[in-house]
Amino acid sequence: MSRRRKVYVVWKGRRPGVYDSWDEARAQVEGFADARYKAYPSRAAAEAAFRRGLSAGQPPAWALVPHGPRTPALAVDAAAPGPQGPAAYRGVALYPDGRTQEVFRVGPLPGLTANAGEFLALVHALRWLTQQGLDWPVYTDSRIARGWLTQGRARTRHRPQRGPGAQALRQAEAWLARHGIPRAVLPWDTRAWGEIPADFGHK
RNA sequence: ACAU
DNA sequence: TTATGT
Ligand SMILES: [Mg+2]
Ligand SMILES: [Mg+2]
């Protein structure tokens, strides 16, 4: 029989966490609607499971929803800790089975707003796909950056005049002028599909 | 209002 | 609650 004492993980309950006894765990769980919890054979296993979270092992929502994103694809996103930056951006490959892999990450670039970062991310994605010879679409959750891309120019009110941010914007616009938009650039439907996989999680 |  | 944008 199981004479070893179990350890309990509570993901959803009054106070989520890892508990050494069922008495403690049940207090977090009993009478709590939609509570999620499970027993593990050791403290280490329980803490690992708690860190992995409830969604561990399950494909992300975008891979399961009926009208999800086309795959394979490249998703991009930018993040800036402050209103005037500095912005960083990255690109994440999306595969049909729900796996993801970061393929580039740039910044933080001083003086660039989040919108400017979203724009640079799109141009970087187009360059990367072209260079790799891949015919994937690009997804962004930024309507602003998509609009700027169509116009071939980042219409930001905060354009740094010198430094790496200024250079990056000039280079991106120059590349766009030469090459146009050689891949489909599609809107990511955050409401239906969840946060874009390239998101930094800083919110 | 919408998106970030 | 602040800012970046259409
Ligand atoms: Mg974004
Ligand atoms: Mg984001």
Side-chain angles (χ1 to χ4, degrees), chain A residues 53 55 59-95 98-130 136-203:
Chain A
S55 58
W62 59 262
L64 301 173
V65 288
H67 299 290
R70 284 167 55 186
T71 52
L74 189 60
V76 297
D77 194 33
Q84 256 95 316
Y89 67 84
R90 66 177 185 145
V92 170
L94 269 47
Y95 300 103
R99 283 178 307 114
T100 62
Q101 185 180 25
E102 178 179 285
V103 297
F104 59 79
R105 178 191 285 258
V106 176
L109 302 173
L112 292 188
T113 62
N115 284 334
E118 302 263 23
F119 172 81
L120 289 180
L122 282 179
V123 177
H124 195 120
L126 294 173
R127 299 181 72 159
W128 186 84
L129 288 169
T130 303
W136 302 353
V138 183
Y139 281 98
T140 174
D141 64 14
S142 171
R143 303 194 168 201
I144 303 302
R146 235 171 131 246
W148 289 356
L149 193 75
T150 304
Q151 300 175 54
R153 169 159 168 254
R155 297 186 51 186
T156 177
R157 295 192 284 261
H158 303 275
R159 175 183 292 261
Q161 290 307 307
R162 44 182 72 248
Q167 263 197 14
L169 280 179
R170 281 196 297 265
Q171 280 190 27
E173 287 165 338
W175 188 91
L176 259 188
R178 280 178 57 82
H179 300 87
I181 305 175
R183 296 293 184 275
V185 177
L186 307 174
W188 181 265
D189 187 347
T190 301
R191 284 259 284 257
W193 305 341
E195 196 67 77
I196 194 166
D199 183 52
F200 285 80
H202 289 348
K203 289 169 309 182

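By convention in this document, chain letters (A, B, ...) are assigned in the order of the sequence lines, proteins followed by strands, and residues within each chain are numbered from 1.
- Checked options A:Arg178, A:Arg153, A:Arg159; the residue passing with A:Glu173 is A:Arg159 (criterion: salt bridge (charged side-chain N to carboxylate O under 4.0 Å, His left out)).
- Proximity of A:Gln84 to the phosphate of C:dA3: no side-chain N or O atom is located under 4.0 Å from OP1 or OP2.
- The phosphate of C:dT6 has OP1 or OP2 within less than 4.0 Å of a side-chain N or O from A:Trp148.
- For the pair A:Leu149 CG and B:A3 P, the computed distance is 20 Å after rounding to whole Å.
- Protein atom CG of A:Leu112 is 15 Å distant from nucleotide atom C1' of C:dA3, rounded to whole Å.
- Rounding to whole angstrom units, CZ of residue A:Arg146 and P of C:dG5 are separated by 18 Å.
- Atom pair A:Leu122:CG and B:U4:P shows a separation of 13 Å (rounding to whole Å applied).
- In this structure, A:Leu169 CG and A:Trp148 CH2 are separated by 8.5 Å, a value rounded to the nearest 0.5 Å.
- A side chain to side chain contact (heavy atoms under 4.5 Å, CB included) with A:Trp136 holds for exactly one of A:Thr71, A:Leu94, A:Leu129; it is A:Leu129.
- Atom CZ of A:Arg153 and atom P of C:dG5 are 12 Å apart (whole Å).
- The listed nucleotides are B:A3, C:dT4, B:U4; the one nearest the side chain of A:Asp77 is B:U4.
- Taking every side-chain heavy atom of A:Thr113 into account, C:dG5 is the closest of C:dG5, C:dA3, B:U4.
- Distance from the side chain of A:Arg143 is smallest to B:A3 among B:U4, C:dG5, B:A3.
- You'll find that the side chain of A:Asn115 is closest to C:dT4, out of C:dT4, B:C2, C:dT6.
- The interatomic distance linking A:Leu120 (CG) with B:U4 (P) rounds to 19 Å, in whole Å.
- A:Gln101 and A:Tyr95 make their closest contact through OE1-OH, 4.2 Å (heavy atoms, listed as atom of the first residue, atom of the second, distance).
- Of the listed nucleotides (C:dT6, B:A3, B:U4), B:U4 has the atom at the smallest distance from the side chain of A:Thr190.
- Atom C1' of nucleotide B:U4 and atom CZ of A:Phe200 are separated by 14 Å, given to the nearest angstrom.
- Put simply, NE2 on A:His158 is 16 Å from P on C:dT2, counting in whole angstrom units.
- Under a 3.5 Å cut-off, the side chain of A:Arg146 and the backbone N or O of A:Val185 do form a donor-acceptor pair.
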